[in-house]
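Before any comments, here is the structure.
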There are 2 protein chains.
Amino acid sequence: MITVNALSEVAALMGDPARASMLSLLMDGRAHTASELALTAGVTAQTASGHLSRMVEGNLLAARAQGRNRFYRLASSDVAHAIESLMAVAGSRAAPASKAAAWRRDPDLRYCRTCYDHLAGQVGIAVTDALTKAGHLSPKGTQDWELTQTGELFCQRIGVDVAGARASGTRHFARQCLDWSERRPHISGALGAAIADTFFKRGWAERLRRSRTVRLTDLGRRAMHRDFGAAL
Amino acid sequence: MITVNALSEVAALMGDPARASMLSLLMDGRAHTASELALTAGVTAQTASGHLSRMVEGNLLAARAQGRNRFYRLASSDVAHAIESLMAVAGSRAAPASKAAAWRRDPDLRYCRTCYDHLAGQVGIAVTDALTKAGHLSPKGTQDWELTQTGELFCQRIGVDVAGARASGTRHFARQCLDWSERRPHISGALGAAIADTFFKRGWAERLRRSRTVRLTDLGRRAMHRDFGAAL
DNA sequence: TTGATCCTTCGGCCGCTGCCGAACGATTGA
DNA sequence: TCAATCGTTCGGCAGCGGCCGAAGGATCAA
């Protein structure tokens, strides 16, 4: 009865209050950091770390390192489905969880910032989304992007130095970088840096002093609309 | 976060190997006795008893006493659905579980017998099914049956003493009795006894000596076909 | 390089809970 | 009524597992 054992193991993983809290938070479909999950569960970081690695081991979660942060998300929609079924049995429906409050903090930083040397935040996501929607960019594996032929032309048109990016030695060309405020991947790597360069050189964006925060100029706003088809 | 607690509690109930074994067995949708579940789980009766009462308490199972046996079944389809989702996460599909072997034992007893003073086994179920399908009988609550007007006429026609059954003092008129071999309710109570009486009086069935086993006669087989519309 | 932040591993404590033996009601069949 | 069967409660034991403090690696900002 290998299936019975597997059943009880999966259920047991979900059956701890701390882990259940984490899973509940992750039901929003986004990725969360270990410390955030620890806070939610009401346990210390080291305890949370143990829980998280066990859930990764049990194929409930997927982890992804991002700088000194580690983001965790549900491993599959199957997991989300199972949790929802359990909630149905529990008889109470999942609370919508008011996140509005959290979004008030640091709105500028969340709007646009540099992530190392490329754009992040809502603007970074908007750029990435626009490129993928237009067919210029498509995910390659879980870590990279592929720049299509039309993407190559598009970059040329708006003045992104693609050739320079390709020639950047050991560096990854186009990388998927998990956005910590939007919790979705944006474009990084050499191409991401080249795109950010273009934003700064053409006066579409400017760095705020002593901060990672980036301000989108009126010119940039118009460019986002005209060249990327995104309203921001 | 009342929902989180409830989630972990439900999952924890399913997260024990012994309980998971029981739940797996109960996934066939039928009711099983406590001892059968104990055997399946590989624990002693008293351990199983504890598990079962906890699962009843947690609304995972429903229990029903039947003589000195106690039958347990999944409390709802929601529970079955949740278990199935967990199995999907576990990645292995539920084994069909070869039950064919078990059905070979005591085929006569399973085919037809008396349960106290009424018919049980496949014949008892067939009679009950035929009456409900024809609209003569319908469940009333979870414990009783209601005999409809057409049912009353039908009983009159085949010679069941309904009036006598109604007059039987303190006794329940038409009761749902869980069939231990078919695991589904058949008709018992005064009406069930009266129906069985008819079967014996009209030569449709005869008791085997020193046994609860009942043999359906050729006459009875024909009656089942003609009057009940059931092939047996 | 230094300090700060994020996360992990290690070690030990403690409480929960699953397990069984024993004993006891309840029901059934003879 | 008596014996057998089914199921339960009780008590005690043992082990798993969740928790934290301490310490250390990795990464980032200055």
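Values below: all heavy atoms of this structure, side chains included; hydrogens, waters and symmetry mates excluded. Values in this document were obtained by computation on a predicted structure and should not be read as measured data. Throughout, a chain's letter reflects where its sequence line sits, starting with A, and its residues are numbered from 1.
- The CZ-P distance, from Arg54(A) to dC19(D), rounds to 10 Å in whole Å.
- To the nearest 0.5 Å, atoms CZ (Arg175(A)) and CH2 (Trp145(A)) are separated by 12.5 Å.
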Give the dot-bracket line for DNA chain D from 5' end to 3' end: parentheses for intra-strand Watson-Crick or G-U pairs under 3.5 Å, square brackets for crossings, | for inter-strand pairing, dots for unpaired.
||||||||||||||||||||||||||||||
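- Pairs engaging residues 47-60 of chain B under the side-chain hydrogen bond (donor to acceptor under 3.5 Å, both in side chains) rule: Arg19(B)-His51(B), Thr44(B)-Thr47(B) [sequence neighbours left out].
- The distance from atom CD of Glu9(B) to atom C1' of dT17(C) is 15 Å, rounded to the nearest whole Å.
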Evaluation steps, side chain to side chain contact (heavy atoms under 4.5 Å, CB included), between Phe199(B) and Val127(B)
CA-CA 11 Å; Phe199(B) 269 69; Val127(B) 167; 3.8 Å; yes
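- Rounding to the nearest 0.5 Å gives a distance of 12.5 Å between CE of Met22(A) and CG of Leu60(A).
- Of the possible polar contacts, none joining the Thr33(B) side chain to the Asn69(B) backbone as a donor-acceptor pair under 3.5 Å is found.
- Going from atom CZ of Arg19(A) over to atom C1' of dC16(D) covers 12 Å, rounded to whole Å.
- When each of dC19(D), dG17(D), dC19(C) is scored by its nearest atom to the side-chain atoms of Val43(A), the top-ranked nucleotide is dC19(D).
- A distance-only check finds a donor-acceptor pair linking the side chain of Thr128(B) to the backbone of Ile187(B) [under 3.5 Å].
- One finds no side-chain N or O of His51(B) lying less than 4.0 angstrom from the OP1 or OP2 phosphate oxygen of dT17(C).
- The distance from atom CZ of Arg207(A) to atom P of dA29(D) is 12 Å, rounded to the nearest whole Å.
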Report the C-alpha distance between Trp204(B) and Val214(B) in whole Å, list the side-chain angles of each, state the deciding distance to 0.1 Å, and finish with yes or no for side chain to side chain contact (heavy atoms under 4.5 Å, CB included).
CA-CA 10 Å; Trp204(B) 293 352; Val214(B) 169; over 6 Å; no
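- In this structure, the separation between CD on Glu36(A) and OH on Tyr72(A) is 13.0 Å, given to the nearest 0.5 Å.
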Base versus backbone protein contacts along nucleotides 5-14 of chain C [heavy-atom cut-off under 4.0 Å; B, S, -]:
BSSBB-----
